[in-house]
Number of protein chains: 2
Amino acid sequence: MSCESRAIDQLRESGVRLTPQRAMVLEAIYHSDGHLSVEEVHERVQQLSPYVDLSTVYRTVMFLKQQGVIGELRLDGQPVRYEAVRFGQEHHHVVCSSCGAMIDVASDDLETLSELLDTKYGFEVNLVHLTLVGQCPACRNDQSR
Amino acid sequence: MSCESRAIDQLRESGVRLTPQRAMVLEAIYHSDGHLSVEEVHERVQQLSPYVDLSTVYRTVMFLKQQGVIGELRLDGQPVRYEAVRFGQEHHHVVCSSCGAMIDVASDDLETLSELLDTKYGFEVNLVHLTLVGQCPACRNDQSR
DNA sequence: ATTGCAGATGCGAAAATTTGCAACTACGAC
DNA sequence: GTCGTAGTTGCAAATTTTCGCATCTGCAAT
Ligand SMILES: [Mn+2]
Ligand SMILES: [Mn+2]
Ligand SMILES: [Zn+2]
Ligand SMILES: [Zn+2]
């Protein structure tokens, strides 16, 4: 039982097609520990099957993101990166705009916001792997000198 | 006194260079009411000065975003768009992934989150024009049939 | 007013991302 | 298992976005 089997089940249940390309992109991302660029995903998929096209990888990461099984990370001046959304390890990030430090934010920390948006606007939001920008503790100090 | 004068003051105070290109991009965005694509910004800037290059517009919107005087809107399958960040009208968005409906979310609604991130992680976040994804009230109903 | 220079611009070229389309295939119905 | 078809893929081409670099300029210091 591979580590992405839960994600595969989720795709099956939502009735979308499970092609070999999609399975391979999912596998590449789930078998990695960090955030991978599209190019990196492509390289790893090609190890498994050399004729998978880069454009397919682009289409597939978009698809998997919309299905909620992978998360996206966009930082200014860096290529977009993707990461597994593992059950029980859902998280977000805050990045320091001065030094680039990045921390994980527990998914639960956004629960209050999620409830507010439901109560006040009737929207049920999908908060998956958000990236917020700010100042880390160290840079806040430096700045105030 | 133009409507972007407050933003200009903000740039002056942070000690960055105020070039004509930057002023024109700012003007184009502030004199518009909606979210403009980079291409649209470029067209409007060229009305004022025909030799401003598209790459300059790209660099400038990035710059102005980082300065916090314009906000970014990224929706899957659509070009990135930019909008004025007007004092007293700061807001975020929630977009329905089913029907595309987009609503404004008051900036204050994220105050609790902002405080939590400070208290728990020591980060001071800049929450400027976020875009969250979810299901609007109507689509939540349709779905549950 | 003049000077000096870090940082911004225009332009061409490169790189990244998207798109159109004919061929292919996953998967539900039989 | 075979069939039918809506949805997916590979490929090439278009489009969007970024980058390198020589030149130019905003602005602080004098
Ligand atoms: Mn992550
Ligand atoms: Mn807006
Ligand atoms: Zn920092
Ligand atoms: Zn909707």
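We name chains A, B, ... by the order of the sequence lines, and we start the count at 1 in each one.
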Exercise. Should A:Glu72 and A:Arg74 count as an ion pair when the cut-off is N to O under 4.0 Å?
Worked result: yes

Starting at [atom1] of [X] and ending at [atom2] of [N], how long is that distance when rounded to a whole Å?
X       : N      : atom1 : atom2 : value
A:Tyr82 : C:dT17 : OH    : P     : 8 Å
A:Leu64 : D:dT8  : CG    : P     : 11 Å
B:Met62 : C:dG7  : CE    : P     : 18 Å
B:Tyr58 : C:dA15 : OH    : P     : 18 Å
A:Gln67 : D:dT8  : CD    : C1'   : 14 Å
B:Leu11 : D:dG26 : CG    : P     : 15 Å
A:Leu54 : D:dT8  : CG    : C1'   : 16 Å
B:Asp53 : C:dA8  : CG    : C1'   : 13 Å

Where the side chain of [X] is defined as all heavy atoms beyond and including C-beta, which of [options] is the nearest nucleotide?
X       : options                : result
B:Thr19 : C:dA26, C:dT9, D:dA12  : C:dT9
B:Thr56 : D:dT8, C:dT17, C:dG10  : C:dG10
A:Leu18 : C:dC27, C:dG10, C:dT18 : C:dC27
B:Arg22 : C:dA8, C:dG10, D:dT16  : C:dA8

Exercise. If you take atom types as modelled and just measure distance, does the side chain of B:Arg59 reach the base of C:dG10 with a donor-acceptor pair under 3.5 Å?
Worked result: yes

Exercise. Is there a donor N/O on one and an acceptor N/O on the other, under 3.5 Å, for the side chain of B:Arg17 and the base of D:dT25?
Worked result: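 Checked by distance alone, the answer is yes.
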
Exercise. Between A:His91 and A:His129, is the ring centre distance below 6.0 Å?
Worked result: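 Between A:His129 and A:His91, which both carry aromatic rings, the centre distance is below 6.0 Å.
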
Exercise. Side chain to side chain contact (heavy atoms under 4.5 Å, CB included) with A:Phe63: which of A:Arg22, A:Arg17, A:Gln21?
Worked result: A:Arg22

Problem set entry | Presence of A:Tyr51 side-chain N/O under 4.0 Å of D:dG10 phosphate oxygens OP1/OP2 |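 Checking D:dG10 against A:Tyr51, no side-chain N or O comes under 4.0 Å of OP1 or OP2.
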
Problem set entry | Distance test, side-chain N/O of A:Gln21 to OP1/OP2 of D:dG10, below 4.0 Å |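 Affirmative; the distance criterion is met.
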
For this session: Indicate, with a heavy-atom threshold strictly under 4.0 Å, whether B:Pro20 touches base, sugar-phosphate, or nothing.
Result: sugar-phosphate

For this session: Remember a base hit wins even if backbone is also touched, and classify A:Val52 as base, sugar-phosphate or nothing at under 4.0 Å, heavy atoms.
Result: sugar-phosphate

Problem set entry | OG1-CE distance between B:Thr131 and B:Met102, expressed to the nearest 0.5 angstrom |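 Reported to 0.5 Å precision, the distance equals 7.5 Å.
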
For this session: Report the distance from atom OG of B:Ser97 to atom CD of A:Glu124, rounding to the nearest 0.5 Å.
Result: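 The OG atom of B:Ser97 sits 9.5 Å away from the CD atom of A:Glu124.
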
Exercise. When the nearest nucleotide of DNA chain D is assigned to B:Val16 and to A:Phe63 on a heavy-atom basis, which residue is associated with the more 5' position?
Worked result: A:Phe63

